[in-house]
Protein chains: 2
Amino acid sequence: MTAEEISKSAKVLIADDHKLFSEGLAALVQQIENIEIIGLASNGQEALDLLQLQSVDLLLTDIHMPGMNGIELVKQVKMHFPEVKILVISMYQDPDMVEAVFDVNAEGYILKDASREEFVKAITRLLDNGTYYSSAVMEKLLRKSIQQKRSSQPIVNLSPRETEILRLIMQEYSSEEIAEKLFISKRTVDTHRKNILQKTHSSTLVGLIKYAYQNNII
Amino acid sequence: MTAEEISKSAKVLIADDHKLFSEGLAALVQQIENIEIIGLASNGQEALDLLQLQSVDLLLTDIHMPGMNGIELVKQVKMHFPEVKILVISMYQDPDMVEAVFDVNAEGYILKDASREEFVKAITRLLDNGTYYSSAVMEKLLRKSIQQKRSSQPIVNLSPRETEILRLIMQEYSSEEIAEKLFISKRTVDTHRKNILQKTHSSTLVGLIKYAYQNNII
DNA sequence: CGATAAATACCTATTGATACGGATTTTAAA
DNA sequence: TTTAAAATCCGTATCAATAGGTATTTATCG
């Protein structure tokens, strides 16, 4: 339909901290017609810098990068260069990740284990003003949202203060030491601990610590 | 020196579960002269199957793959096809990982964020009967081994009984419950706990649990 | 056979954490 | 501005865990 857009040779920028991957990807992209690679960035900031210098039609980016991560990069790009289409290429099928990518309005999401065919399809779809979200991933996302509705979030929300205290507990401070550190009474710390135990449904210190580990509060 | 070997077109096999990566890598490799890609495998078993079917000079493999991991694959390949050179391409600079790769006698180890130049260098080095271990990684390995010598293994050896009790602690049993469960006195459990704390150099329950987590005693 | 490690058991004292009550103030959202 | 959540504080009581000890039995290793 919008063949003109493709025919005038789309400009593509790749951002990935794994140089071998981005170079390989570049080699693949170059095999597609009417597409030209205008740069490789190995982190978010570099990508933004390159975007400033020249017009880009399509950004291919990883999520995990040192410094600014992919999500943040997408946000920034969408803010400053809204015309740039963005295809996120990630290792993970984590639904939360996909949701995050969704939320920042990237046009596409595919996995690193996608086939070349799927990759090409995604690119052409995006350049055609469409979107492409890997179906493998979308399925997981759906299943998750369904599950969430069923079990109606037994999600635990520790308050900032509570999280802070849990972190200190994890650092082997006693309640008394935590109190000193935070300039509050030991009683207060006790109360927080009580509430934390309740909220996390744990009945012992050991259970609490296991909770912290499983929720990456370390 | 052994130019004949390179000139007769080396056969390369790539194993990586991220298809986009292996396809990209293939595209890169094909830009090198006298090298031909004879197959892409997306897991260890597939790689072994392909090796059975045709002669291969060089195997490029990831470490993290579903099913058989890269280390295991290298082992198998070295066992059944000892003439195949192996270049491990990994995301991680983890010294333990490099050590493992070393131990199974892979000829090379580079990171996914290596440059194309380094990649090409590694390949030619291997095809020339040499080895190539990314210097970035080797440095870390060295530093680690030095550190290890300095602190000369403060390795902890919990007795079977102690490990058993630690496991029960991790399952949120109190000392009294553990005593009942093991038909011993609570005092005995106390003593064991005391010794466990000593041996693991932890001074609090939290520290102990962290130790258990870090040593997979769960 | 002697030495050592492991497992067992006990004692006293202290510290830390949890249970069960409350209550007030600050802050942010509706 | 009302309301709810978060953060603050206090008391009493009990339980759990740790810090010091000491001591016996059993098995294993050299």
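Each chain gets a letter, A, B and so on, in the order its sequence line appears, and its residues count up from 1. No hydrogens, no waters, no symmetry mates; every other heavy atom, side chains included, goes into these values.
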Q) Without hydrogens or angle criteria, can the side chains of E180(B) and Y173(B) be said to hold a donor-acceptor pair below 3.5 Å? A)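 Their side chains do not contain a donor-acceptor pair, so the 3.5 Å distance test is not met.
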Q) What string of B, S and - do you get for nucleotides 24-30 of chain C, 5' to 3', if B is base contact, S is sugar-phosphate-only contact and - is no contact with any protein heavy atom under 4.0 Å? A) -------
Q: Could you run through nucleotides 17-27 of chain D and give me one letter per nucleotide, 5' to 3': B if any protein heavy atom sits under 4.0 Å from the base, S if only the sugar-phosphate is that close, - if neither?
A: SBSBB------
Atom-to-atom span, [atom1] of [X] to [atom2] of [N] - whole angstrom:
| X | N | atom1 | atom2 | answer |
| --- | --- | --- | --- | --- |
| N195(A) | dG22(C) | CG | C1' | 13 Å |
| I196(B) | dT8(C) | CD1 | P | 11 Å |
| I184(B) | dA6(C) | CD1 | C1' | 12 Å |
| I178(A) | dT18(C) | CD1 | P | 11 Å |
| R187(B) | dA9(C) | CZ | P | 11 Å |
| L182(A) | dT8(D) | CG | P | 8 Å |
| I165(B) | dA7(C) | CD1 | P | 8 Å |
| E172(A) | dA17(C) | CD | C1' | 16 Å |

Q) side-chain contact (heavy atoms from CB on, under 4.5 Å) with V88(A): which of V74(A), L73(A), L60(A), L111(A)? A)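 One option only clears the test, and that one is V74(A).
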Q: Look at the side-chain N and O atoms of H192(B) and state whether any lies under 4.0 Å from the OP1 or OP2 oxygen of dT8(C).
A: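 Affirmative; the distance criterion is met.
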Q.
When you measure from the side-chain N and O atoms of R161(A) to the phosphate of dT8(D), is any distance below 4.0 Å, counting only OP1 and OP2?
A.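 For R161(A), the contact criterion (side-chain N or O under 4.0 Å from OP1 or OP2 of dT8(D)) is met.
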Q: Quick one: label T188(A) by what it contacts on the DNA or RNA (base, sugar-phosphate, nothing), any heavy atom closer than 4.0 Å.
A: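 Base, at least one base heavy atom under 4.0 Å.
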For [X] versus [Y], what's the shortest heavy-atom pair and its separation?
| X | Y | value |
| --- | --- | --- |
| L13(B) | A47(B) | CD2-O, 3.7 Å |
| A122(A) | I110(A) | CB-CG2, 4.1 Å |
| G24(B) | A27(A) | O-CB, 4.5 Å |

Salt bridge between [X] and [Y], side-chain N to carboxylate O under 4.0 Å?
| X | Y | answer |
| --- | --- | --- |
| K194(B) | D190(B) | no |
| R167(A) | E164(A) | no |
| R125(A) | E118(A) | no |

(Q) Defining pairs by Watson-Crick or G-U wobble geometry with both distances under 3.5 Å, how would you list the stems of DNA chain D with at least three pairs each? (A)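 Ordered by first number, the stems with DNA chain D (at least 3 consecutive pairs each) read C:1-30 with D:1-30.
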Q.
Strictly distance-based, threshold 3.5 Å: is any side-chain N or O of D128(A) a donor or acceptor partner for the main-chain N or O of T124(A)?
A.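 No: the side chain of D128(A) does not pair with the backbone of T124(A).
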Q: For residues Y92(B) and H64(B), establish whether the separation of their ring centroids is below 6.0 Å.
A: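 Yes - the distance between ring centres of Y92(B) and H64(B) falls below the 6.0 Å cut-off.
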Q.
Does the plane of the ring in Y133(A) sit parallel, tilted or perpendicular to the ring in Y109(A)? Use 30° and 60° as the thresholds.
A.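 Parallel.
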